[in-house]
There are 2 protein chains.
Amino acid sequence: MSKQGFQAAYLHCYELIRDRILNGELPGGMKLVEERLAEELGVSRTPVRESIRKLEQEGLIKNKRVVNPSDEDLRHIFQVRMLLEGFAARCAAFYMDEATLEQLQECIAVARSGSVSETMEANKMFHDIIVQSSRNPELVLIIDRMQSIIYLFRRAVVHHKRPFLIDEHQQIVDAIRAHDAEEAERLMKSHLQADLDFYLHLSRSSI
Amino acid sequence: MSKQGFQAAYLHCYELIRDRILNGELPGGMKLVEERLAEELGVSRTPVRESIRKLEQEGLIKNKRVVNPSDEDLRHIFQVRMLLEGFAARCAAFYMDEATLEQLQECIAVARSGSVSETMEANKMFHDIIVQSSRNPELVLIIDRMQSIIYLFRRAVVHHKRPFLIDEHQQIVDAIRAHDAEEAERLMKSHLQADLDFYLHLSRSSI
DNA sequence: GATAATATTTTTGTATACAATTTTAAATTT
DNA sequence: AAATTTAAAATTGTATACAAAAATATTATC
């Protein structure tokens, strides 16, 4: 995980700019000027430019401005996410081995007892493990690409602990353990739907 | 000097390189050297470089080489495609108006009577229309990104004139017209599965 | 003759300069 | 004052130069 020595500037810039967008330093709607960013990061325009193009492909930047996703955008993303993660949960019910099931159970345990950031990390890992168990790299990649926008939205909304979230995770694990593919998919979809509804409710009431 | 008027060079290059990959001029596995391409296209490395990055994001190039997707890759892409286009077909059964239905019917008519390239175009449009009718731009975008690799594949299939392909399109239209969402989704999935199987069969027997 | 070490070439990554374009501000007209 | 034109500035797109890395060929060693 720790990079050994050299990293290409354009990769480094990409990460830095992405992080600044995700943590709100570069807020939604802000115009990104190549030269200004280059100066701030201490490099020339060239690597900055490549980073911006990459972030554009990822959907975090749209014609040189930081996106701020609308409720509608989020609904669309979640519709896709429900399809894909639902399918992943179904696969998990077929394929998953005991060791991985234990990992899921551990995520739940950490999420129940940990700090806010530990809980967030554990919940993210819960979903990652299930997505991975689709054993479909294409599907993993697509969900990965949607993650940053979802994260962006989460941050925009004030972070509250949604009730029942972890209980729903437990139900999903139970269905997977029982090899009930149909139920695992159903539970995953309604879990994500509940997540979406919660965010949308928050974002509406906080305006 | 090289001012082509209306279109930016990097977009033009992107299209040219993409086309050369799709029509086999740049075959799978070939190393793409920025300078050589630049000279061939009569521009500097800069726009070529950006094009290559974009094509890398799209999955047509992987570390400077033209991909040739393995059977496994195609299976994964089609698994996602079946999920998303299946869902789109389901939506179509709910939303689609008479005029759009006629467009689908027209695609089938053209595909039945047209030349090879007309048939290809018509079949692509058939799928595009159904994907559009999901009314989910995120879903449309994801399928669009997979399109190049799918196109590469479709060319092989239609060139060999897969039997029943157009009949299956007709069945899908019928289900949509009857507002039978369940059936439309099922038919779309099995249509895509048949496409995949046909191609995999071809690729195996031609080795 | 095979292998390791070293030089050479090729190719990529980055900086910089300049041209083309877009955006913004100013001036002019109504 | 509002709208339209024109000038200025800012920003992006492209070409080019050069440095870093990777790939290839060459020499030396066993």
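Order of the sequence lines fixes the chain letters, A, B, ..., with proteins taken first and strands second; residue numbering starts at 1 for each chain. A quick note: this is a predicted structure, and the numbers were derived from the prediction, not measured.
Going from atom CD of A:Q7 over to atom P of D:dA20 covers 18 Å, rounded to whole Å. Between the P atom of D:dA21 and the CG atom of B:N63 lies a distance of 19 Å, rounded to the nearest Å. Between the P atom of C:dT12 and the CD atom of B:E56 lies a distance of 10 Å, rounded to the nearest Å. Rounded to an integer number of Å, the gap from B:E50 CD to C:dT14 C1' is 14 Å. Taking atom NE2 of residue A:H12 and atom P of nucleotide C:dT14, one finds them 12 Å apart after rounding to whole Å.
Taking the salt bridge (Lys or Arg N to Asp or Glu O under 4.0 Å) definition, one finds that A:E39 meets it with nothing, sequence neighbours left out. Legend: residues meeting side-chain contact (heavy atoms from CB on, under 4.5 Å) with A:K64, ordered by chain and number and at least two apart, are A:K31, A:R53, A:E56.
The shortest distance between side-chain heavy atoms of A:D195 and A:Y199 falls below 4.5 Å. Annotation: side chain of A:L187 is not in contact with side chain of A:E168 (no heavy-atom distance under 4.5 Å).
A:R53 comes within contact range of the sugar-phosphate backbone alone, with a heavy-atom separation under 4.0 Å but no base atom that close.
B:D167 and B:R162 are not joined by a salt bridge, as no carboxylate oxygen comes within less than 4.0 angstrom of a charged side-chain nitrogen.
Judged by closest nucleotide on DNA chain C, A:L11 is the one of A:R45 and A:L11 placed further toward the 5' end.
Only at 4.0 angstrom or more do the heavy atoms of residues 26-42 of chain A sit from any atom of DNA chain C, so none qualifies.
Between B:H169 and B:H191, the ring planes are perpendicular. Angles over 60° get that label, and only those under 30° would be called parallel.
Summarising the geometry, atom OG belonging to A:S134 is positioned 13.0 Å from atom CZ belonging to A:R90; distances are rounded to the nearest 0.5 Å.
Between D:dG13 and A:K64, a contact under 4.0 Å exists linking OP1 or OP2 to a side-chain N or O. A sub-4.0 Å separation between OP1 or OP2 of D:dT14 and a side-chain N or O of B:T46 is absent.
Side-chain proximity of A:V43 to D:dA17, C:dA15, D:dT14: nearest is C:dA15. Out of C:dT12, D:dT16, D:dG13, the shortest distance to the side chain of A:R49 is found at D:dG13.
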